[in-house]
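Residue numbers count from 1 along this sequence. No experiment lies behind these values; they were computed from the predicted model shown. Each ligand, and each atom within it, is numbered from 1 in the order the structure gives.
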Amino acid sequence: MAVDVILGLQWGDEGKGKIVDYLANNYDLVARFQGGPNAGHTLKFDGNKYVLHTVPSGIFREGLLNLIGNGVVIDPITLEKEINLLRASNVSFEDRLLVARKAHLILPTHRYLDAASEAAKGKAKIGSTLKGIGPTYMDKTGRNGLRVGDCMRPDFMERYNTLKTKHLGLLKQYPAVDFDLESEEKKWFASLELLRSLQHVDGEYFVNQMINEGKKVLAEGAQGSMLDIDFGTYPFVTSSNTVTAGVCNGLGIAPSKIGEVIGITKAYCTRVGAGPFPTELDDEVGEFIRQEGGEFGATTGRPRRCGWIDIPQLQYTIMLNGVTQLVITKIDILNKFEEIQACTAYQYEGQETNVLPYDIDAVEITPVYQSYKGWMRDLEDSTQFENLPQTAQDYVHTLEKLLETPITMVSTGPERRKLIVREAEVLS
Ligand code: GDP
Ligand code: IMO
Ligand code: MG
């Protein structure tokens, strides 16, 4: 069986958690392949709300396995909090949550370094979630990192101290920031015991065995393609490959094993943290979307920047990911708009283009907007595509044409059941 992929096509928070949770029932294994506790994936069902950071979003579906893949970076403290949440909700995880031995560990000093290096950047800061993501991936590629498997080795403390000493040396280069290392270390080592007690697997053998046995695997992305370390709005990005290619590295599977690539976009656009955002609405419309959409970070609580949907940006990420089907989320947030805007091109250096410029962080690009009629009513009674107001259907058809990709799901609310699943339509 092939591995299907779900990932975000914008700057994160597209609603990946909700869609993974919905679709998980069709799979035997859900696997996170990159990122770490910078992610915040929200699930809502039966009147409850859960936010997951490290644990895959399939964990609430009985009977299926969930793997934290080798491409993920793990902070044992966050992981323990998530597991406590599962315990409090009587969700069994002991037999269903697996951790790849090759996943890297976020040390307290990685978070310390993240805080110090962001503070030192001053106005140029990225707006990191300060979860230690950048420093941990730097140690991974610098070949200094500690991995989950290492915490079972007899010389773990020695390795930990070597890395910590290196970090303390680096920290001397930065102006001081507030960080209680002693107390953070205490918590970290206490939480490490829980991580040690979980099921560790050689993720690459495990996933490939499942594929060979004909089991169905769903890879869950974190962040969004515009935050990809290679193809995002660098340097305002995260430190991992968030695109489909990251699934191969992050789980240990061959490109030929990738099946459906399900790309998620909001019906508008958001970004949290600094960096270019061509369609940002720094006005009352943006504020209205923020309030209607509850656009505040699931991990940090920061207000998200809001703007209109950006077609050239989505064309770019559909290309990068080989998206085979699209999911549009949060269409209900546009219920009160008489007119909806979509950016269909950019004006840049006197020309109209659909190409994102290399130096997007430095040059002036002006979005060219098309206006579409809104539907001006709630979507409570719309459980099938044909029940949506005609103008909402038209808007979806328009996006489908512009993006040349079938829209197979339309999400109309945060709850699990608020999802319209369509048969893929053939594009004319
Ligand atoms: P993720 O990081 O991609 O999983 O997304 P987040 O959980 O960070 O942010 C998405 C937010 O939108 C969460 O609060 C979800 O509960 C909510 N959400 C998801 N889909 C919909 C939808 O169709 N309509 C509305 N109103 N909210 C949604
Ligand atoms: P989910 O999975 C939205 C952003 C941060 C910052 C930049 C770098 O919930 O969609 P980092 O902590 O990785 O060093 O931050 O990336 N960022 C996210 N934005 N959703 C996320 O995850 C994000 N993870 C990181 O705000 O701008
Ligand atoms: Mg999120």
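- With waters neither drawn nor counted, the protein N/O/S atoms under 2.8 Å from the Mg ion (ligand 3) amount to 2.
- In this structure, the protein non-hydrogen atom closest to atom 10 (C) of ligand 1 is Asp13 O, 3.7 Å.
- Counting heavy atoms only, Lys330 comes closest to atom 17 (C) of ligand 1 of the residues Met409, Lys330, Arg416.
- At a heavy-atom distance under 4.0 Å, only side-chain atoms of Lys18, from C-beta outward, approach ligand 1.
- Of the polar atoms of Gly17, at least one N or O is found under 3.5 Å from an N or O of ligand 1, judged by distance alone.
- By the 3.5 Å distance cut-off applied to N or O atoms, Thr329 is not counted among the residues near ligand 1.
- Ring centroids of Tyr372 and His397 are separated by 6.0 Å or more, keeping the two rings apart.
- At a 3.5 angstrom cut-off on N or O pairs, Ala298 does not count as close to ligand 1.
- We find the CG-OH distance between Asp310 and Tyr316 to be 12.5 Å, quoted to the nearest 0.5 Å.
- Compare Gly35, Ser57, Gly224, Ser411 by their heavy atoms: the one nearest to atom 20 (N) of ligand 1 is in Ser411.
- For the pair Lys266 and Asp13, the tightest heavy-atom approach, listed with the atom from each and the gap, is CE-O, 2.7 Å.
- Looking at Asp228, its side chain does come within 3.5 Å of a backbone N or O of Thr242 through a donor-acceptor pair.
- Side-chain N/O atoms of Lys18 and Thr329 include no donor and acceptor closer than 3.5 Å.
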Would His167 and Asp139 count as a side-chain hydrogen bond (donor to acceptor under 3.5 Å, both in side chains) if you check the C-alpha gap in whole Å, the side-chain angles of each, and the deciding distance to 0.1 Å?
CA-CA 10 Å; His167 290 165; Asp139 271 334; 2.7 Å; yes
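- There is a side-chain donor-acceptor pair under 3.5 Å between Gln223 and Asn38.
- Neither the backbone nor the side chain of Ile331 comes within 4.0 Å of ligand 1, counting heavy atoms alone.
- Phe277 does not carry Arg271 over the face of its six-membered ring by the limits of under 6.0 Å from the centre and within 45° of the normal.
- At a heavy-atom distance under 4.0 Å, no atom of His53 approaches ligand 1.
- Close contacts of ligand 1 with His41, meaning ligand atoms under 4.0 Å from a residue heavy atom, involve 1 (P), 2 (O), 4 (O), 7 (O).
- Expressed to the nearest 0.5 Å, how far CD of Gln370 lies from CD1 of Ile340 amounts to 13.5 Å.
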Are there any protein N or O atoms under 3.5 Å from the N or O atoms of ligand 2? List them with distances, or say none.
{"from": "ligand 2", "atom 1": "2 (O)", "to": "His41", "atom 2": "NE2", "distance (Å)": "2.7"}
{"from": "ligand 2", "atom 1": "2 (O)", "to": "Gln223", "atom 2": "N", "distance (Å)": "2.8"}
{"from": "ligand 2", "atom 1": "9 (O)", "to": "Asp13", "atom 2": "OD1", "distance (Å)": "3.0"}
{"from": "ligand 2", "atom 1": "9 (O)", "to": "Gly40", "atom 2": "N", "distance (Å)": "2.9"}
{"from": "ligand 2", "atom 1": "9 (O)", "to": "Gly40", "atom 2": "O", "distance (Å)": "3.1"}
{"from": "ligand 2", "atom 1": "10 (O)", "to": "Asp13", "atom 2": "N", "distance (Å)": "2.8"}
{"from": "ligand 2", "atom 1": "10 (O)", "to": "Asp13", "atom 2": "OD1", "distance (Å)": "3.4"}
{"from": "ligand 2", "atom 1": "10 (O)", "to": "Lys16", "atom 2": "NZ", "distance (Å)": "2.7"}
{"from": "ligand 2", "atom 1": "12 (O)", "to": "Ser128", "atom 2": "OG", "distance (Å)": "3.3"}
{"from": "ligand 2", "atom 1": "12 (O)", "to": "Thr129", "atom 2": "N", "distance (Å)": "2.9"}
{"from": "ligand 2", "atom 1": "12 (O)", "to": "Thr129", "atom 2": "OG1", "distance (Å)": "2.5"}
{"from": "ligand 2", "atom 1": "13 (O)", "to": "Asn38", "atom 2": "ND2", "distance (Å)": "2.9"}
{"from": "ligand 2", "atom 1": "13 (O)", "to": "Thr238", "atom 2": "OG1", "distance (Å)": "2.6"}
{"from": "ligand 2", "atom 1": "14 (O)", "to": "Ser128", "atom 2": "OG", "distance (Å)": "3.1"}
{"from": "ligand 2", "atom 1": "20 (N)", "to": "Asp13", "atom 2": "OD1", "distance (Å)": "3.1"}
{"from": "ligand 2", "atom 1": "20 (N)", "to": "Asp13", "atom 2": "OD2", "distance (Å)": "3.4"}
{"from": "ligand 2", "atom 1": "24 (N)", "to": "Gln223", "atom 2": "NE2", "distance (Å)": "3.2"}
{"from": "ligand 2", "atom 1": "26 (O)", "to": "Gly127", "atom 2": "O", "distance (Å)": "3.3"}
{"from": "ligand 2", "atom 1": "26 (O)", "to": "Val272", "atom 2": "O", "distance (Å)": "2.9"}
{"from": "ligand 2", "atom 1": "26 (O)", "to": "Arg302", "atom 2": "NH2", "distance (Å)": "2.9"}
{"from": "ligand 2", "atom 1": "27 (O)", "to": "Ile126", "atom 2": "O", "distance (Å)": "3.4"}
{"from": "ligand 2", "atom 1": "27 (O)", "to": "Val272", "atom 2": "O", "distance (Å)": "3.2"}

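- Closest protein heavy atom to atom 24 (N) of ligand 1: Asp332 OD1, 2.8 Å.
- Atoms of ligand 1 found under 4.0 Å from any heavy atom of Ile333 (numbered from 1 in listed order, with element): 26 (N).
- Proximity of Thr42 to ligand 1, defined as any heavy-atom pair under 4.0 Å, is shared by backbone and side chain alike.
- Taking distance alone, with nitrogen or oxygen atoms compared against 3.5 Å, Gly40 approaches ligand 1 more closely than that limit.
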